[in-house]
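Report on the following structure.
Residue numbering restarts at 1 for every chain, and letters A, B, ... go by the order of the sequence lines.
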Amino acid sequence: MIDAINKEVENFLSSIINNKKNINSVMEKCSTAISDDLSKGHITTNVCMIAASILKVNPKKLADDLKIRLEEINKFDKVETAGPGFINVSLKREDFASIINLINKSKNSFGSSKARKENKVQIEFVSANPTGPLHVGHGRGAAYGDAIARILESTGASVEKEYYVNDAGRQIDILTASVILKLIKNDINNYFPENAYKGEYIDEIGKKLGQEVNVDDFKSLSTSDYKNPEEEIDNIIYELEKLNKESWNLIKNLSLKEIVKSIEDDLKAFNVNFDKWFYESSMGKVDDETSDIATSINKLKKDGHAYEKDKAIWLNTDISGDDKHRVLVRDNGKTTYFASDVAYHKNKIDRGFDKLINVWGADHHGYIKRIEASIENLGSSKNKLVVKLVQFANLFKDGKKIKMSTRSGEFFTLKNLIEDIGSDAARFYYLSKQADQHLDFDLDLAKSDSKENIFYYIQYAHARIVSLEEKVVDKYSDIKRNITNINNGNYIECDNLIHEISKFPDIVNKSANSLQPHVIIYYLKDLSQLFHSFYNDNHVLSESEENMQSIMECLTAVKQVISNGLNLLGITPMQKM
RNA sequence: GCGCCUGUAGCUCAGCUGGAUAGAGCAACUGCCUUCUAAGCAGUGGGUCAGGAGUUCGAAUCUCUUCAGGCGCGCCA
């Protein structure tokens, strides 16, 4: 029906505007959509106000003219002008109610579209260093990345979810050293450097490796005084590696494997599954000329974007407006983390994605420009890359902020969170606010049984409908489903619900275009509110059988929309509460 | 100093590609369970949309500016 209006609007515009370009511009800017609520008809358009600003005429006058045209095509129940120049269209009842049948026929696919079928999208998210368990900060990135993957997929994109494993840098050496030191602690007087990882998980990895590795050679480690913690840990790594290179590498690989496995398990428990785990180490080392990392650096050098200065190799990042040039290869010959990332993004682009979405912690925002520069310098367009920043989440329990301290190894992990409130509630609250804004996450609220807990409020609506469906079948085992009494206007109590569910496809598109899952959450809250209100005002089981047939068709559609919305967020709808 | 984000009801937040009287929950007060799940519903009160200027027929929304808060600015990852 919106299409029918749009078609007539276009005819109308071409009769008053003689410039094709201006017509297109008006069509693009104006909005013809489901109205906010029924007091404004079913469908509303602001096209007259947009056109008026170009034509410099009175928008109300345009609206009066368009109204007459819309009435002439005889497809609608009522056409009205309103306010400064809106046109509100009321549909015929059977057109209005037809959405119920559409939803119940489309089922899971209602709300999805093919709007962006050409888009091959890659989303890289979480990508936490594999040096410890995921904490609640990572959880937010995980919930967000996974949700936008689902939402984009439902709007026709082909999405690949990828985790970038930083397994090549110094952090992994520190991890390895930490594990070894824990294993030999009795032989070295419980010596433990300040900068090593201290968490319990280090002991656990040690225990798991116990039989498989031989740590005797490491026991002769000499511990002397160091000037600072940084130097200390670097020297310990150097010494340990020298004592037994083979064991070192074995422990390194096994520790990494353990950690990645535990990260993967935590994410699975969080209903997040990656399509690909990309290892930084798979891009090789700079001294191997055929490696990804060497070829990208060499290409940058050859094209004059990278140069040598003070024995280091620098990338010229002027093209993106970065404040200074960045080091790719240090004066000691080792590549930087940035060099890996340059090669990684080249790798991603070479894999042929139309769009790359990086979900990063907000503390990385200063990093965006240099990556954009590298993409441009490697001959691609930085417009392919979209970086979404995710702010940290503060957790509150008993009204107090939960302290995060990574160094000591004592922190509230994602696993703790899932055990505490469940994966679904955790995902829901992570997604309840725009990702790039600070989130105060109240654990007590997430478990509370009041309306303030929107998660349960929405689930409750779903569960209530499930329960009603069962009760109705108990009463009339052979009840037929149809919407006759809604179509003929004998039953109008569902109208608000019908109007609300018809908005869902627009909501999904809006969420996809803006990459904002919280749009869906607020919509589901509104829909649930209308449902609970309906439920209190109308005792379904006391209705006539004919009314009930219609009501249940409508409520099944409502249930379907809630379910589809929750699924886009990676949340399982509750059948019972 | 530079960059990014934020400032909307007492509190927590929606609304921000400009549009119809600025919304919701909580908290306060008042009603609704002999009937489908009260984790519910209905109602009342509560706002200089941080301040100022500009663009516009129209600004919480766009621009500039001031103030306040958060984060980031390594040859770390």
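Contact annotation: A/H518 reaches the phosphate of B/G15 (side-chain N/O to OP1 or OP2, under 4.0 Å). The side chain of A/Q437 contributes no N or O atom lying less than 4.0 Å from OP1 or OP2 of B/C5. For the OP1/OP2 pair of B/A38 and a distance below 4.0 Å, the side-chain nitrogens and oxygens of A/R464 include at least one atom meeting the criterion. Taking only side-chain nitrogens and oxygens, A/R370 never comes nearer than 4.0 Å to OP1 or OP2 of B/G72. An OP1 or OP2 oxygen of B/A39 is reached within less than 4.0 angstrom by no side-chain nitrogen or oxygen of A/S448. An OP1 or OP2 oxygen of B/G25 is reached within less than 4.0 angstrom by a side-chain nitrogen or oxygen of A/K451. The side chain of A/K324 places no N or O atom within less than 4.0 Å of a non-bridging phosphate oxygen (OP1 or OP2) of B/C73.
Under a 3.5 Å cut-off, the side chain of A/R481 and the backbone N or O of A/Q549 do not form any donor-acceptor pair.
Residue A/Y457 places its side chain closer to B/C41 than to any other of B/G15, B/C36, B/C41. Closest approach to the A/E452 side chain among B/C36, B/C26, B/A39 is made by B/C26 (side chain taken as heavy atoms from C-beta onward). Closest to the side chain of A/T336, out of B/C75, B/G25, B/C13, is B/C75. Minimum atom distance to the side chain of A/Q171 is reached by B/C76, of the listed B/C76, B/C41, B/U6. Nearest to the side-chain atoms of A/R170 among the listed nucleotides B/A38, B/C75, B/C76 stands B/C76. Minimum atom distance to the side chain of A/V540 is reached by B/C36, of the listed B/C75, B/C36, B/G70.
If you check distances only, the side chain of A/N88 does reach the base of B/A20 with a donor-acceptor pair under 3.5 Å. Residue A/H365 places a side-chain atom within donor-acceptor reach of the base of B/G3, judged by atom type and a 3.5 Å distance cut-off alone. Between the base of B/G72 and the side chain of A/D363 there is no donor-acceptor pair shorter than 3.5 Å. Between the side chain of A/T44 and the base of B/A20 there is at least one donor-acceptor pair of N/O atoms closer than 3.5 Å.
Residue contacts shown for A/A52 are absent, as no nucleic acid heavy atom lies under 4.0 Å away. Using a 4.0 Å heavy-atom cutoff across all strands shown, A/S533 reaches sugar-phosphate atoms only and no base atom. Base engagement by A/D331 is indicated by at least one non-hydrogen atom pair under 4.0 Å involving a base atom. Among the heavy atoms of the strands lying under 4.0 Å from A/Y522 are primed sugar atoms or P, OP1, OP2 only; no base atom is included. Heavy atoms of A/K40 sit under 4.0 angstrom from at least one base atom. A/F338 comes within contact range of no nucleotide atom at all, as no heavy-atom separation falls under 4.0 Å. The residue A/K475 sits apart from the nucleic acid: no heavy atom pair falls under 4.0 Å. Across all strands, A/H364 comes closer than 4.0 Å to base atoms (heavy-atom distances).
Stacking is found between A/H539 and the pyrimidine-like six-membered ring of the B/C36 base under the 5.5 Å centre-distance and 30° plane-angle cut-offs. Lacking a ring centre under 5.5 Å from that of the base six-membered ring together with a plane angle below 30°, A/Y535 does not count as stacked on B/G40.
Pair assignment for B/C11: B/G25, on the basis of Watson-Crick or G-U wobble contacts that are both within less than 3.5 Å. Searching all strands for a Watson-Crick or G-U wobble partner of B/C62 with both distances below 3.5 Å returns B/G54. In this entry B/G3 has B/C71 as its Watson-Crick or G-U wobble partner, both defining distances falling under 3.5 Å.
Using cut-offs of 30° and 60° for the angle between ring planes, the A/H42 and A/H499 rings count as tilted. Note: A/Y522 and A/H518 have perpendicular aromatic rings, judged against thresholds of 30 and 60 degrees for the angle between ring planes.
Contact check on A/D64 versus A/K60 returns no salt bridge, with no Lys/Arg side-chain nitrogen under 4.0 Å from an Asp/Glu carboxylate oxygen.
The nearest whole Å value for the distance from the CD atom in A/Q516 to the P atom in B/U17 is 10 Å. Between A/D36 atom CG and B/U21 atom C1' there is a gap of 13 Å when expressed in whole angstrom units.
Applying the 90° cutoff around 0 to the glycosidic angle, B/C5 is assigned anti.
Side chains of A/Y367 and A/D341 form a contact here, defined as non-hydrogen atoms less than 4.5 Å apart.
Remark: A/K29 NZ is loosely packed, at most 12 non-hydrogen atoms of other residues, nucleotides or ligands lying under 6.0 Å away.
One C1' atom belongs to B/A59, the other to B/G15, and the distance between them is 14 Å to the nearest Å.
The distance between the ring centers of A/F504 and A/Y523 falls below 6.0 angstrom.
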